Amino acid sequence: MAHDPKLTVHIVKIKPGNDQIENSNRWLFRNIIQEANDNPLDDSYIIAEVFRRFISALDTPAMYADQNSKKCMTANQPNIEDPRVNPNLILHSNDFIIEGRVEGGSYGRRRNKTSTINKADKSGVHEGDAITDDFYFFLYLPPQSNKSVLMLQSYTDDSIDSVMKLFWRNFFSSGLVFQTPIIKRFVPRAIIDDFRRNVSVSGFVFSTEIPGRTLLNRTKTEVNNNYKVTIRITPTNDDLSIEEFEQTLEPIQNNLFSRFRLGDFRRKKAQLRDIETNKTSPFDLGTSFEVKPQILLSKFIQIRNDESDFERIKNFCFELLERIKPEIYPDHAVQER
């Protein structure tokens with residue numbers, strides 16, 4: 001784990017095919033394991049069967065790939081005697097949690113591999129070859145609810161979030177009975193509050209495309225080109241505090257460039273700086289100030305860049321789940337329609 005690990009939290013909301021279908025994970029799981037009838041089944045049995053099918057779907061000779069993002073993943077199967085067991089993927093049946101490590105990375109680009117000891121020692125990395133790493137995931141599946149919590153660990157310079165979300169979208173679909181679920185990013189309130197206390201705004205970037213005729217102020221001459229215009233605004237002294245940012249944003253967006261209001265530009269971003277780490281991250285400017293910071297794990301646990309990190313990431317996810325349950329499941333009720 002040579003990169004800085006980070007964590008994203010997502011809410012997976014299932015989507016029944018019609019109003020007559022019970023809107024709960026339990027009923028989805030019964031359909032996945034092909035027990036969609038009224039026979040009584042224990043939830044621990046249902047989740048164990050779901051876990052077994054998850055292993056079968058992921059632990060295959062070919063890696064599970066996303067053609068759009070060119071990301072892939074597979075079960076990271078160590079050399080053990082029993083191929084039916086994968087100690088990197090764990091079911092906590094009493095807690096309805098599946099967690100563990102998968103192997104994944106990027107493919108689709110031809111590259112060279114060169115020895116650092118002897119630069120003449122080269123070999124090709126073909127488009128079908130993936131450069132992989134280990135990634136941790138954590139999935140909470142309460143049977144009585146229609147929402148699950150998916151936590152995905154990535155690195156500052158690498159992620160398999162796209163292919164992992166694609167996998168669960170497909171896995172949590174069941175023909176016409178359950179359609180493709182909705183997966184939305186979720187940032188815990190405590191993470192946002194902590195970030196706001198320890199963040200400043202180091203600048204703004206507005207960009208859009210403007211017709212050449214408008215930009216060049218030519219009404220009679222034919223102009224075929226459009227132009228991409230990027231405007232960067234940076235405080236000359238100190239960064240802005242959150243309070244200064246909130247007071248400044250609207251007046252800045254009301255400024256005009258070539259008759260275009262900056263607030264109407266297609267892409268609007270601001271740059272946040274973590275005061276403690278001095279690391280920056282962009283976020284989109286909407287009609288309101290909605291911060292969705294990354295969860296940099298080094299702020300919460302010790303990172304040694306070795307195998308032991310995964311155990312601490314696991315423990316952090318278990319603790320984080322307990323803290324965010326009241327936000328995600330405020331009434332702990334079965335979601336039925």
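As the structure is a prediction and not an experimental result, all values here were calculated from the model.
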Is the side chain of [X] donor-acceptor paired with the backbone N or O of [Y] at a distance under 3.5 Å, no angle test?
{"X": "Glu327", "Y": "Arg189", "value": "yes"}
{"X": "Asn255", "Y": "Pro251", "value": "yes"}
{"X": "Lys268", "Y": "Gly263", "value": "yes"}
{"X": "Asn118", "Y": "Ala120", "value": "yes"}
{"X": "Thr60", "Y": "Ser56", "value": "no"}
{"X": "Thr248", "Y": "Glu244", "value": "yes"}

Criterion ring-ring contact (aromatic ring centres under 6.0 Å, His included) on Phe54 and Phe167, from CA distance to verdict: CA-CA 10 Å; Phe54 157 63; Phe167 176 88; 5.8 Å; yes
Same apolar cluster: [X] and [Y], side chain cutoff 4.5 Å:
{"X": "Ile46", "Y": "Ile55", "value": "yes"}
{"X": "Tyr107", "Y": "Leu58", "value": "no"}
{"X": "Leu216", "Y": "Ile231", "value": "yes"}
{"X": "Tyr155", "Y": "Ile313", "value": "yes"}
{"X": "Leu152", "Y": "Val187", "value": "yes"}

[Y] versus [X], side-chain donor and acceptor atoms under 3.5 Å:
{"X": "Ser308", "Y": "Arg312", "answer": "yes"}
{"X": "Asp161", "Y": "Ser159", "answer": "yes"}
{"X": "Ser162", "Y": "Lys71", "answer": "no"}
{"X": "Lys122", "Y": "Thr114", "answer": "yes"}
{"X": "Ser148", "Y": "Asn25", "answer": "yes"}
{"X": "Arg267", "Y": "Ser207", "answer": "yes"}
{"X": "Glu103", "Y": "Thr132", "answer": "yes"}
{"X": "Asp4", "Y": "Ser298", "answer": "no"}
{"X": "Gln271", "Y": "Arg273", "answer": "no"}

Whether Phe137 and Trp168 hold their rings parallel, tilted or perpendicular, with breakpoints at 30° and 60°: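 Tilted.
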Plane angle bin for Phe172 and Phe29 - parallel if under 30°, tilted between 30 and 60°, otherwise perpendicular: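 Rings of Phe29 and Phe172: tilted, as their planes differ by 30° to 60°.
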Is the shortest heavy-atom distance from the side chain of [X] to the side chain of [Y] under 4.5 Å?
{"X": "Ile98", "Y": "Leu89", "value": "no"}
{"X": "Asn88", "Y": "Val102", "value": "no"}
{"X": "Glu35", "Y": "Leu41", "value": "yes"}
{"X": "Asp239", "Y": "Phe245", "value": "no"}
{"X": "Ile33", "Y": "Val50", "value": "yes"}
{"X": "Lys147", "Y": "Val12", "value": "no"}
{"X": "Val177", "Y": "Ile21", "value": "yes"}
{"X": "Tyr64", "Y": "Cys72", "value": "no"}

Identify the heavy atoms of [X] and [Y] that sit nearest to each other, and give their distance.
{"X": "Ile11", "Y": "Phe186", "result": "CG1-CB, 3.7 Å"}
{"X": "Ala48", "Y": "Leu91", "result": "CA-CD2, 3.6 Å"}
{"X": "Met151", "Y": "Cys317", "result": "CE-O, 3.6 Å"}
{"X": "Gly105", "Y": "Ile160", "result": "N-CG2, 3.5 Å"}
{"X": "Pro181", "Y": "Ile14", "result": "CB-CA, 3.9 Å"}
{"X": "Ser44", "Y": "Ile47", "result": "O-CG2, 3.3 Å"}

Intermediate values then yes/no, side chain to side chain contact (heavy atoms under 4.5 Å, CB included), Phe204 and Leu240: CA-CA 11 Å; Phe204 308 83; Leu240 301 177; 3.9 Å; yes
Lys/Arg cation over aromatic Phe310: Arg101, 6.0 Å, 45° cone: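 Output yes; distance and angle both within limits.
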Worked check of side-chain hydrogen bond (donor to acceptor under 3.5 Å, both in side chains) between Asp66 and Ser69: CA-CA 6 Å; Asp66 178 11; Ser69 66; 2.8 Å; yes
Salt bridge between [X] and [Y], side-chain N to carboxylate O under 4.0 Å?
{"X": "Glu250", "Y": "Arg261", "value": "yes"}
{"X": "Asp129", "Y": "Arg111", "value": "no"}
{"X": "Lys113", "Y": "Asp121", "value": "no"}

Stepwise side chain to side chain contact (heavy atoms under 4.5 Å, CB included) check, Thr214 with Arg259: CA-CA 8 Å; Thr214 302; Arg259 294 180 287 176; 3.6 Å; yes
Nonpolar side-chain network containing Leu176, other nodes, edges under 4.5 Å: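 Taking Ile, Leu, Val, Met, Phe, Trp and Tyr as members, Leu176 stands alone, with no cluster partners.
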From [X] atom [atom1] to [Y] atom [atom2], the distance as rounded to the nearest 0.5 Å:
{"X": "Ser93", "Y": "Tyr45", "atom1": "OG", "atom2": "OH", "answer": "13.5 Å"}
{"X": "Glu22", "Y": "Leu28", "atom1": "CD", "atom2": "CG", "answer": "11.0 Å"}
{"X": "Ile328", "Y": "Ser145", "atom1": "CD1", "atom2": "OG", "answer": "9.5 Å"}

Stepwise side chain to side chain contact (heavy atoms under 4.5 Å, CB included) check, Ile295 with Thr8: CA-CA 7 Å; Ile295 302 176; Thr8 52; over 6 Å; no
Leu150 and Val9: CA distance, side-chain angles, deciding distance, side chain to side chain contact (heavy atoms under 4.5 Å, CB included) verdict: CA-CA 6 Å; Leu150 175 63; Val9 182; over 6 Å; no
Would you indicate whether [X], at its atom [atom1], is surrounded by more than 12 heavy atoms from other residues, nucleotides or ligands within a distance under 6.0 Å?
{"X": "Asp238", "atom1": "CG", "value": "no"}
{"X": "Arg52", "atom1": "CZ", "value": "yes"}
{"X": "Lys13", "atom1": "NZ", "value": "no"}

Aromatic centroids of Tyr140 and Phe318 separated by under 6.0 Å: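 Ring centres of Tyr140 and Phe318 not closer than 6.0 Å.
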Test log, rule ring-ring contact (aromatic ring centres under 6.0 Å, His included), inputs Phe257 and Phe206: CA-CA 11 Å; Phe257 176 84; Phe206 300 86; over 10 Å; no
Residue pair Tyr136, Glu99: steps toward the side-chain hydrogen bond (donor to acceptor under 3.5 Å, both in side chains) verdict: CA-CA 8 Å; Tyr136 180 81; Glu99 53 90 13; 2.9 Å; yes
